Amino acid sequence: MTASLLEVDDLHVRFSVSGGGLLGSGRRMLHAVNGISFKLAKGECLSIVGESGCGKSTTALAILGLQEPTEGTIRYRGQPLTGTGAPGRMQRAKAVQMVFQDPYASLNPRQTVRASLAAPLRLHGITAASEIADRIEVMLGNVGLTPEQALRYPHEFSGGQRQRIGIARALILEPEIVVLDEPVSALDVSIRAQIINLLLDLQEKLGLAYLMISHDLSVVEHMSDRVLVMFFGQVVEEGGWRDIFEKPAHPYTRRLIAAIPDPYAEQNPLRQQDRLPGVPPLDGRGFASDCSTAPDVFSAPARSELVEIALGHRVRLVPAD
Amino acid sequence: MTVPLLDIRELCLGLAVGRSVVRPLLKDVSFQIMPGEAYGLVGESGSGKSVTSLAVMGLLKKPLAVSGGEILFKGENLLALPKRAMRRLRGNRIAMIFQEPMTALNPLSTIGRQIAEMFVLHQGKNWDEAQELAVEALMSVRVPNPDRRARNYPHQMSGGLRQRVMIAMALACNPDLLIADEPTTALDVTVQAEVLRLIKELCAERGTAVLFISHDLGVIASICQRVGVMYAGCLVEENETRALFTDPRHEYTRGLLGALPRFGSRSQHGRQRLVDIDSIIADRSKLVETRFIAPRCAEEGSRS
């Protein structure tokens, strides 16, 4: 059993939103994340998939420390990242970093690439000019840019190059975990392929663990080791990539897979709903929901539990009475 | 031999200063769409697929200008048509749906009224009749509770519903040609699948031809009978959809298909490295000189 790098246990995030009441003055609690638990091992790529509003980004923000969880714990190498005794942002920054969907929006337009990459190093006590220069050069080489390009500003780069800079910025402090939030969905097909290849190369070379947030199941299938399928704040199915894509059990997972626009669907047995392997015996338990309608996000979800149907493959079911 | 509904012949357009084109954006683009046929244009950003559709709609704005070629719609050259005649055609015989319905809908007017406007402007109906037709149009795109929804404003609807409204509006006058420019790019996958199915079914029912523009090869494949691949302002390959995906002839098309993570391929063949188009194509500028346009199939004339 390899020790987990990151352990998320029963994470809840609720937001107080206005609405309801006669004058819209009442406050209601919106349940964005409802009891998510998972472990991330070193060097592993775990993907969270789901549609808008399912809570995948909120989960990522909680791990980055940008969103305080309402309940639950997040541990990094056994140390809690939440509650009292949690480390500050500085220590957290060395453990977890993020690559954003739109690199243009996340890079400072008035700083050269060099300045953007040097700032986190200085903040973390690396002040010798030669060491900074060396580390920047190595990092730029890692992401496929030349040292001369470090003197340019973000607007001078193409979309693909900017995403490379975004990756370099995330990796400059040598974190063990990188959160990838839709890392390629804003990119053209040819650039997307280059960035996916780069991310896989870096993962292997640097032993990175990725937590990827995505709605693009083709990319998820290509990159992931394990997959969590989320629907309205809950995990409805989780498992290794083969479990999820070859033997999907939950109706929602099946529907997501059926919805992938795929030019080769006709030749691909996994794409034909009726030819998907049958759902394994569930011992008389039923699915908590087939997720065809949106649940009430303002009330706690109905009682259900994740049941292991094969080693490491778990599905949300209503418990047998 | 059927006459093509839309026949684009050697269309050239570009950025113009005064009368001279300083930067060409489309070079000799030619393709035809038959009545009732769904034709896809696929390409990356800047390949020229969207300006092609704007040229058909007569919506090019300065400094974009057509510098050569013809756009024949039912045999009539749209480029030579006076503005008034073009306005009568637009929305009526040729309709368009866009990527972001929120920017195409008027936020200050109910969607019922916005659909009704189509019937008033193009079919001379009075507002009362038009309102009823609008509710029917909403029903035809399977919007639940069409009566109530007709009184909604755009912000009260989800992205998928708004796109359905756009489709209802575009198909209101039973156009001959529907131009869809990335209509599902902003939607979630399951909603995207529903909207695509809707466009496909409605257009097949009514015999509406579709010019479908997307960067997503999967989306194109699920809706179009024939596909044209655009690159750097040129149509580099055109073929029947299935043939294009199983037997791509042009170097760029092959690169594009190889760059796509192909769903299910990891299960069958293990993880394959994605093709980096830049590394297999040494000289991109030479690329567009070669083209592959498949001859139209033999039974073309007997297509029902």
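Being a predicted model, the structure only gives us computed values, none of them experimental. Letters A, B, ... are given to chains in the order of the sequence lines, protein chains preceding strands, and every chain is numbered from 1.
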Heavy-atom side-chain proximity of A:H222 to B:L274 below 4.5 angstrom: yes
A:A259 to B:T190 - nearest heavy-atom pair and separation: CB-CA, 3.9 Å
Locate the shortest heavy-atom distance separating A:E51 from B:V191; write the atom from each residue and the value. OE2-N, 4.1 Å
Turns out that what part of A:D216 lies under 4.5 Å from chain B's heavy atoms comes down to neither
For the CG atom of A:D262 and the CG atom of B:D216, what is their distance to the nearest 0.5 Å? 10.0 Å
With a 3.5 Å distance limit and no angle check, can you tell me whether A:D188 reaches the backbone of B:E44 through a side-chain donor-acceptor pair? no
Identify which part of B:S222 has an atom lying under 4.5 Å from any heavy atom of chain A, answering side chain, backbone, both or neither. neither
Over all heavy atoms of both residues, which pair between B:V219 and A:P261 is shortest? Give the atoms and the distance, please. N-CB, 3.5 Å
Flag, side chain of B:R266 to backbone of A:E221, donor-acceptor distance under 3.5 Å: yes
Aromatic centroids of A:F245 and B:F263 separated by under 6.0 Å: yes
When you measure from the side chain of A:Y264 to the backbone of B:F245, do you find a donor-acceptor pair of N or O atoms at a distance under 3.5 Å? yes
So for B:E194, is it side chain, backbone, both, or neither that comes closer than 4.5 Å to the heavy atoms of chain A? neither
